[in-house]
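Data block below; observations after.
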Number of protein chains: 2
Amino acid sequence: MARKTGSHSQITGPKVRAAASRLFARHGFAAVSMRQIAGEVGVQAGALYLYTPDKQTLLFDLMREHMEDLLAAWGAQDKGEGPLAQLEAFVRFHIGFHLERPDAVFIAYMELRNLSEVNFAAIEGLRKQYEDALEQILRLGQKAGVFGVPDTKLAMMALIAMLTGVNTWYREGGRLSRDMIEGIYWDMARKAVAG
Amino acid sequence: MARKTGSHSQITGPKVRAAASRLFARHGFAAVSMRQIAGEVGVQAGALYLYTPDKQTLLFDLMREHMEDLLAAWGAQDKGEGPLAQLEAFVRFHIGFHLERPDAVFIAYMELRNLSEVNFAAIEGLRKQYEDALEQILRLGQKAGVFGVPDTKLAMMALIAMLTGVNTWYREGGRLSRDMIEGIYWDMARKAVAG
DNA sequence: CTTTGAATTGAACGCACGTTCAGATAAACC
DNA sequence: GGTTTATCTGAACGTGCGTTCAATTCAAAG
């Protein structure tokens, strides 16, 4: 199950990643032991060190992978033409992507303080890239007179917080479908930045 | 410094509370030891047990106190007349109150999973009371035709997430004053729920 | 100055932690 | 079937944890 040779895996075993992700999201990085993760996978604690050099790197790999997936998925997304269409694409994409992986989202937002300085900087860099994508849409829309946002950075932060907030209350099988939620949030977002 | 008699304090020593709040916010509940807290206060670890029966209760007391302060402060707030004025009061109050106590806010949002079931329920109950205050404003405004929110619960969640998000990026002495931030967010909030 | 009770220390308890590693096992290849 | 290489176990290491408690210090009252 582990890798062939020498240096430790970039590609932490998928079972280990899945177990760690679930447990970190549920109980928090500091409260989860390597023995618990190993138990979920069905091995002894020592075996985990075939997949990761240490616990902190395991966390970092989860976060980095999540952020890279996010950037790649947004890059591959159909964005349409014009600021309004692009904002709608962003809103719907953000909600959909985040609802699809609640554990990774939770970890990426809550466990930043458990990262070393250099690992923290790496994750923040990826996050900034994503935020810049939204800010760019807002800036272009503002210049084109489609939006009325006095401060694009604040508007970007406000929108991201609003959209990511869905993850705190959404439960599978609730009274609203994802499509309806995306529609309602798109409506609020559109109005919030309207001229 | 500790209390007189018998049962452990409702009123955990203020020095202990302050140190615990700072450390829990900075490093997370699970990552902070009683010895670290004691060190900040300037006593040995054992002395903390004059102020709290255990570590978890110390966390719970911090959260409960924060939520009770929040409800009391909103209760004492000048709210004005009519849905629009009340929404503005809420937006400005929420941002101001939360920016004033970033550590307590951080803990109240991030450490819920470290609470026992019964303590969790207590905190959630207080949070619900606060959220209900905002939802009520939205519902009345919707009925009066001042707002255009198809789902007041969703709109409430969206607004709260947006407003609380300020805490994630605001830094003392940044380029925008609190007043300006409140103004910009009030503008976005007003438009987001507009008819 | 002496008494008294609260406040605090400092050592100890049993336990769980992250990590290491020699040895056992299993799988792949000849 | 035998050899090699990947995979995993199980025990051990030193450390720090939350919590307890007898003994000590301290502060106020008489």
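A note on names: the letters A, B, ... follow the listed sequences, proteins ahead of strands, and every chain is numbered from 1.
A salt bridge links B:Glu124 with B:Arg127: at least one charged nitrogen is closer than 4.0 Å to a carboxylate oxygen. Ion pairing between B:Glu88 and B:Arg190 fails under the 4.0 Å rule for side-chain N and carboxylate O. Using a 4.0 Å cut-off between a side-chain N of Lys or Arg and a carboxylate O of Asp or Glu, B:Glu182 and B:Arg178 do not qualify as a salt bridge. Using a cutoff of 4.0 Å between basic side-chain nitrogens and carboxylate oxygens, B:Glu65 and B:Arg17 are scored as salt-bridged.
OP1 and OP2 of C:dA6 both lie 4.0 Å or more from every side-chain N or O belonging to B:Tyr51.
Taking atom CG on B:Leu48 and atom P on D:dC17, their separation rounds to 13 Å, with Å as the unit. Across the protein-nucleic acid pair, B:Leu50 atom CG and C:dG5 atom P stand 17 Å apart, rounded to whole Å. Whole-Å rounding puts the B:Gln44 CD to D:dT20 C1' distance at 15 Å.
Taking the centre and axis of the six-membered ring of B:Trp74, the NZ or CZ atom of B:Lys79 falls inside the cone set by 45° and 6.0 Å. The cationic atom of A:Arg101 (NZ for Lys, CZ for Arg) lies less than 6.0 Å from the six-membered ring centre of A:Phe97 and within 45° of the ring axis.
For B:Ala108, the side-chain contact (heavy atoms from CB on, under 4.5 Å) partners are B:His66, not counting sequence neighbours.
Defining each end axis of the helix from C:dC1-D:dG30 to C:dC30-D:dG1 as the rotation carrying four pairs' C1' atoms onto the next four, with five pairs an end, the two axes are found to diverge by 10° to 10 degrees.
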Could you run down nucleotides 15-21 of chain C 5' to 3' and tag each one B, S or - for protein heavy-atom contact under 4.0 Å?
-> --BBBB-
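The aromatic rings of A:Tyr130 and A:His98 lie tilted to each other, with the angle between the two planes from 30° to 60°.
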